[in-house]
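See below for the structure under consideration.
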Amino acid sequence: MKKPDENFIMLPTVDFCFKELMMNPKVRTGFIAALLDLSPDEIQDTEIVPTELPRDYPEEKLGILDVHVRMRDGRHLNLEMQVQFFEYWDSRILFYLSKMFSGQLKKGDSYEKLRKCIHVSILDFSWFDDDLYYHTIHLYDDGTKERYSDLLELQFLELKKLPPEAQSEKGILRWMRFLHGKSRKEFEHMAGTDEYIQEAYDTLVQMSADEKKQMEYEAREKALRDYQSQMKSAENAGFRKGERTGFQKGEQAGFQKGEQSGLEKAKRIFQLNAQGKTITEIADICQMTEPEVRDILY
């Protein structure tokens, strides 16, 4: 039997761990209060809404592990930890924000029942081309610069852009630093600064000692590593194929174009393969021959 590692601690950047943390009502209250810039006392009640992947919109092999929260005042928040960049991220979150918003109404319901929806993306990669670690986005009028509606909101927390630690940090920055922690010592250090983060740390310790949850965590961590490996393989395969295409044309312009085209096509092929598409289906979608698809995949 495998001997337990007393120093083992789950990392919140693995979405399974983040979702489990949010199952704790006190942790959830503290984090949402920081997101909304409120006192935790003002968050009267939150409820986890069951989520599942819509069958009509299959995602990557990894699926989605997000947290959908409904507050007592009717507001909805979707919290998602994402460690891997992939194409069409911007379109994807707009799609899910729209689904969350429109999904509030049943047939015959009045539009007055619609409540604010917020999609929170916690990213362990850089998305915006700036140094800001926290972005909040609304709908604005281009001419007057006035907010058109407060019913839709996007929040982005970019963990890679955290500034050097300072004294007396508060609010969302403190939570971001906790979520980005990489060792038990770091979590212990941050736990003493806030009773809600202390609760998050205590929950983290309990989860890490639970053999069943540890197995689920490790399975999810492996799936993330496998996905990252697949994407790296796609990049390498695309580079090699593009390099061959470019040199065969004998022109530098052809090399550059072939390299980029090959990279994009290889990424698409690996994504379709991860979704369970057959070689024939991939060849048809990508307008390639089946031997060409096999050459990239294998």
Side-chain angles (χ1 to χ4, degrees), residues 12-19 22 31 35 48-70 75-105 114 116-130 132-140 149 151-161 176 179 220-221 223-235 238 260 263-277 281-282 285-286:
T13 46
V14 175
D15 50 12
F16 169 81
C17 176
F18 173 74
K19 185 167 186 176
M22 290 300 115
F31 183 58
L35 287 170
I48 294 290
V49 180
T51 58
E52 61 178 278
L53 210 58
R55 292 185 180 182
D56 294 338
Y57 302 97
E59 279 286 337
E60 308 293 343
K61 186 178 180 181
L62 294 180
I64 299 176
L65 286 183
D66 55 3
V67 183
H68 187 171
V69 180
R70 180 167 51 221
R75 280 180 289 181
H76 290 253
L77 293 91
N78 199 75
L79 315 175
E80 183 175 6
M81 175 68 71
Q82 184 67 34
V83 300
Q84 180 68 34
F85 168 85
F86 59 86
E87 288 184 292
Y88 312 118
W89 171 261
D90 47 355
S91 298
R92 176 184 178 280
I93 58 174
L94 287 172
F95 173 78
Y96 281 102
L97 177 62
S98 300
K99 291 282 285 185
M100 180 166 54
F101 186 67
S102 62
Q104 297 179 72
L105 297 184
L114 290 170
K116 182 171 183 174
C117 289
I118 305 171
H119 189 286
V120 181
S121 299
I122 307 163
L123 309 178
D124 200 23
F125 58 86
S126 295
W127 178 248
F128 292 97
D129 189 20
D130 56 40
L132 299 176
Y133 59 85
Y134 184 44
H135 286 265
T136 303
I137 297 174
H138 297 91
L139 293 173
Y140 282 89
S149 172
L151 289 177
L152 296 176
E153 180 177 315
L154 294 169
Q155 293 195 24
F156 295 85
L157 287 64
E158 296 181 86
L159 303 181
K160 295 289 189 185
K161 294 181 180 177
M176 289 178 67
L179 294 174
R220 185 63 175 178
E221 192 177 34
L224 289 168
R225 284 198 305 266
D226 289 348
Y227 177 78
Q228 290 168 350
S229 178
Q230 277 190 329
M231 291 302 99
K232 187 63 177 177
S233 295
E235 290 178 5
Q260 184 61 31
L263 173 58
E264 292 174 358
K265 187 160 287 189
K267 279 187 176 181
R268 181 66 172 148
I269 287 169
F270 273 91
Q271 288 171 346
L272 292 169
N273 181 61
Q275 291 172 11
K277 300 292 186 184
E281 289 172 329
I282 296 173
I285 293 170
C286 296

Salt bridge (Lys or Arg N to Asp or Glu O under 4.0 Å) between Asp66 and Lys19: does it pass, once the steps are laid out?
-> CA-CA 7 Å; Asp66 55 3; Lys19 185 167 186 176; 5.1 Å; no
Might you work through the side-chain contact (heavy atoms from CB on, under 4.5 Å) test for His76 and His68, ending with a clear yes or no?
-> CA-CA 7 Å; His76 290 253; His68 187 171; 3.0 Å; yes
Report the C-alpha distance between Asp124 and Lys160 in whole Å, list the side-chain angles of each, state the deciding distance to 0.1 Å, and finish with yes or no for side-chain contact (heavy atoms from CB on, under 4.5 Å).
-> CA-CA 6 Å; Asp124 200 23; Lys160 295 289 189 185; 3.6 Å; yes
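Separation of atoms NE2 (His135) and CD (Gln155) is listed at 12.0 Å; rounding is to 0.5 Å. Considering OG1 of Thr136 and CG of Leu157, their distance stands at 8.0 Å, rounded to 0.5 Å. Here the CD1-CE distance, from Ile48 to Met22, works out to 8.5 Å after rounding to the nearest 0.5 Å. For the atom pair Tyr134 OH and Met176 CE, the distance stands at 9.0 Å (nearest 0.5 Å). The CD atom of Glu158 sits 8.0 Å away from the CZ atom of Phe125 when rounded to the nearest 0.5 Å. Here Cys17 contributes atom SG and Glu221 contributes atom CD; the two are 10.0 Å apart, rounded to the nearest 0.5 Å.
Screening Asn78, Leu154, Leu77, Leu97 for a side chain to side chain contact (heavy atoms under 4.5 Å, CB included) involving Cys117 leaves a single residue, Leu97.
Considering all non-hydrogen atoms of both residues, Gln104 and Met100 come closest at CG-O, 3.6 Å. In terms of heavy atoms, Asp130 sits closest to Leu132 at OD1-N, 3.1 Å. Smallest separation of non-hydrogen atoms from Leu152 and His138: O-CD2, 3.9 Å. Taking both residues in full, the closest heavy atoms of Lys161 and Ser126 are given as CE-OG, 3.8 Å, listed atom of the first, atom of the second, then distance.
A heavy-atom distance below 4.5 Å is not found between the side chains of Leu123 and Leu159. Using a 4.5 Å cut-off on side-chain heavy atoms (C-beta onward), Arg70 and Arg75 make no contact. Counting heavy atoms from C-beta on, the side chains of Val67 and Glu80 never come closer than 4.5 Å. For the pair Val69 and Val49, the minimum side-chain heavy-atom distance is 4.5 Å or more. At a threshold of 4.5 Å between non-hydrogen side-chain atoms, the residues Thr13 and Phe18 do not count as touching.
Ser149 places a side-chain N or O within 3.5 Å of a backbone atom of Leu151 that can act as its donor or acceptor partner.
The aromatic rings of Phe128 and Phe156 lie perpendicular to each other, with more than 60° between the two planes, well past the 30° mark.
Between Tyr96 and His119, the ring center distance fails the sub-6.0 Å criterion.
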